[in-house]
Amino acid sequence: MSSESVTGTLYLVATPIGNLEDITFRAVRILKDVDLIAAEDTRHTGKLLHHFQIATPQLSYHEHNAQARIPQLVEKLQLGQSVALVSDAGMQGISAPGYGLVCACAEVGIAISPIPGPAAGISAVAASALPSDRFTFEGFLPAKGRGRADRLAQLATEQRTMVLYESPHRLLKTLGDLQTHLGHDRQVTVARELTKRYEEFWRGTVGGAIEHFSVT
């Protein structure tokens, strides 16, 4: 991709969180035009690229190889190549390993351009029926130990709507921890399979959610 500046541009391209129709025209154009796509899972992103007939080469970039990849990608950008950074779903840099690359590029003056699109957290809040005028994004809680207990203790007094990410097999444990620290009657919405065929929103109390998901 040609650029007026000496260095290339790092594009943070939001990808669909489920339904492929949610990708933007601009995102497709950028993915076609850049020199390289840095993908969290090249096989997963490959399906997206194939669907939209995008032939741009990929390079893996994930939490396990980020430290090795960052200098490689920065060098390519400094040589004038443009790179699209994508996650498996949503926006890279939000609960995804893109943060380190963004910081490295910002430090050396490489242009960083976000290409907006689907975001699971925002989509969930919008349809949650919980207060959305003020909310806080917490992402994934620490998996276990003192770090998890300390974070939950901090959240115990949080009055704003909180956005938490959790894997399906850990949902009940997290609901149990929320009940312990935030109370049985705290209002909660559990959103899953967003934009997909079996999209679901369950709304009620933490205690009610534990009862519901214990039998489903």
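Since this is a predicted model, take the numbers as computed values, not measurements.
Taking all atoms of both residues into account, the shortest heavy-atom contact from Met91 to Pro114 is CE-CB, 4.5 Å. Thr42 approaches Gln58 most closely through the heavy-atom pair O-NE2, 3.1 Å. Pro97 and Glu40 get closest at one heavy-atom pair: CD-OE2, 3.9 Å. When all heavy atoms are compared, the tightest approach of Leu194 to Ala191 is CD2-CB, 3.9 Å. The two atoms that bring Arg160 and Arg186 nearest to each other are O-NH2, 3.2 Å, heavy atoms only. Ser123 and Ile17 make their closest contact through OG-CD1, 4.4 Å (heavy atoms, listed as atom of the first residue, atom of the second, distance).
If you chain together hydrophobic residues whose side chains sit under 4.5 Å apart, Leu73 and Ile112 fall into the same group. Val74 and Leu10 end up in the same hydrophobic cluster when Ile, Leu, Val, Met, Phe, Trp and Tyr side chains are linked at under 4.5 Å. Hydrophobic clustering of Ile, Leu, Val, Met, Phe, Trp and Tyr side chains at less than 4.5 Å, counting indirect connections, keeps Val13 apart from Val102. Taken together through direct or relayed side-chain contacts under 4.5 Å among Ile, Leu, Val, Met, Phe, Trp and Tyr, Leu130 and Met162 form parts of separate hydrophobic clusters. Grouping the Ile, Leu, Val, Met, Phe, Trp and Tyr side chains by contacts below 4.5 angstrom, directly or via other members, places Tyr165 apart from Leu155.
Side-chain N/O atoms of Thr24 and Arg29 include no donor and acceptor closer than 3.5 Å. No hydrogens or angles considered: a donor-acceptor pair under 3.5 Å links the side chains of Thr174 and Arg148.
Taking NE2 from His169 and CD from Glu166, the interatomic distance works out to 7.5 Å, rounded to the nearest 0.5 Å. Atom CG of Leu77 and atom CD1 of Ile110 lie 4.5 Å apart (nearest 0.5 Å). Annotation: the span from Asp41 atom CG to Lys47 atom NZ amounts to 8.5 Å, rounded to 0.5 Å. A distance of 7.5 Å separates CD in Gln92 from CG in Leu12, rounded to the nearest 0.5 Å. Going from atom CD1 of Ile23 over to atom NE2 of His51 covers 9.0 Å, rounded to the nearest 0.5 Å. Within the model, atoms NZ of Lys32 and CD1 of Ile37 stand 11.0 Å from one another, a figure rounded to the nearest 0.5 Å.
With a 4.5 Å cut-off on side-chain heavy atoms, Glu75 and Gln81 do not count as touching. In this structure, the side chains of Trp202 and His212 come closer than 4.5 Å at one or more pairs of heavy atoms. Contact of the Glu200 side chain with the Glu193 side chain is not registered, since no non-hydrogen atoms from C-beta on lie closer than 4.5 Å. Contact check for Thr161 versus Thr136: no side-chain heavy atoms found under the 4.5 Å cut-off. Proximity of Ile122 to Phe135: side-chain heavy atoms (C-beta onward) are separated by under 4.5 Å at one or more points. Residues Ser214 and Leu172 have side chains in contact (heavy-atom distance under 4.5 Å, counting atoms from C-beta outward). You'll find the side chain of Leu20 reaches within 4.5 Å of the side chain of Leu48, heavy atoms only. Side-chain contact check for Val86 versus Leu31: some heavy-atom pair is nearer than 4.5 Å.
A distance-only check finds no donor-acceptor pair linking the side chain of Arg26 to the backbone of Ile115 [under 3.5 Å]. No donor-acceptor pair closer than 3.5 Å links the side chain of Thr9 to the backbone N or O of Tyr11. For Gln78 (side chain) and Thr7 (main-chain N/O), no donor-acceptor pair under 3.5 Å exists by modelled atom type. A donor-acceptor contact shorter than 3.5 Å is absent between the side chain of Arg192 and the backbone of Tyr198. The main-chain N or O of His62 is found under 3.5 Å from a side-chain atom of Asn65 such that the two form a donor-acceptor pair. Distance alone, capped at 3.5 Å, is enough to place a donor-acceptor pair between the Asp35 side chain and the Ser82 backbone.
Surrounding CZ of Phe201 are more than 12 heavy atoms belonging to other residues, nucleotides or ligands, all under 6.0 Å away.
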_Candidate pair Leu164 and Leu178, rule side-chain contact (heavy atoms from CB on, under 4.5 Å), full reasoning_ = CA-CA 11 Å; Leu164 299 173; Leu178 292 177; 4.0 Å; yes
_Show, in sequence, the C-alpha distance, side-chain angles and deciding distance for Arg151 and Glu138, and conclude whether the salt bridge (charged side-chain N to carboxylate O under 4.0 Å, His left out) test is met._
CA-CA 10 Å; Arg151 179 74 63 81; Glu138 293 294 329; 3.7 Å; yes
*Criterion side-chain contact (heavy atoms from CB on, under 4.5 Å) on Ile54 and Val28, from CA distance to verdict*: CA-CA 8 Å; Ile54 299 170; Val28 171; 4.3 Å; yes
*asked:* Please determine whether side chain to side chain donor-acceptor pair (under 3.5 Å) holds for the pair His184 and Gln179, giving the CA-CA distance in whole Å, both sets of side-chain angles, and the decisive distance to 0.1 Å.
replied: CA-CA 5 Å; His184 179 88; Gln179 178 174 246; 2.8 Å; yes
*Between Thr15 and Asp88, does a side chain to side chain donor-acceptor pair (under 3.5 Å) hold up when you go through it step by step?*
CA-CA 7 Å; Thr15 57; Asp88 291 346; over 6 Å; no
*Decide side-chain contact (heavy atoms from CB on, under 4.5 Å) for Ile94 and Phe137; before the verdict, give the C-alpha distance in whole Å, the side-chain angles of both, and the deciding distance to 0.1 Å.*
CA-CA 10 Å; Ile94 307 298; Phe137 178 78; 3.9 Å; yes
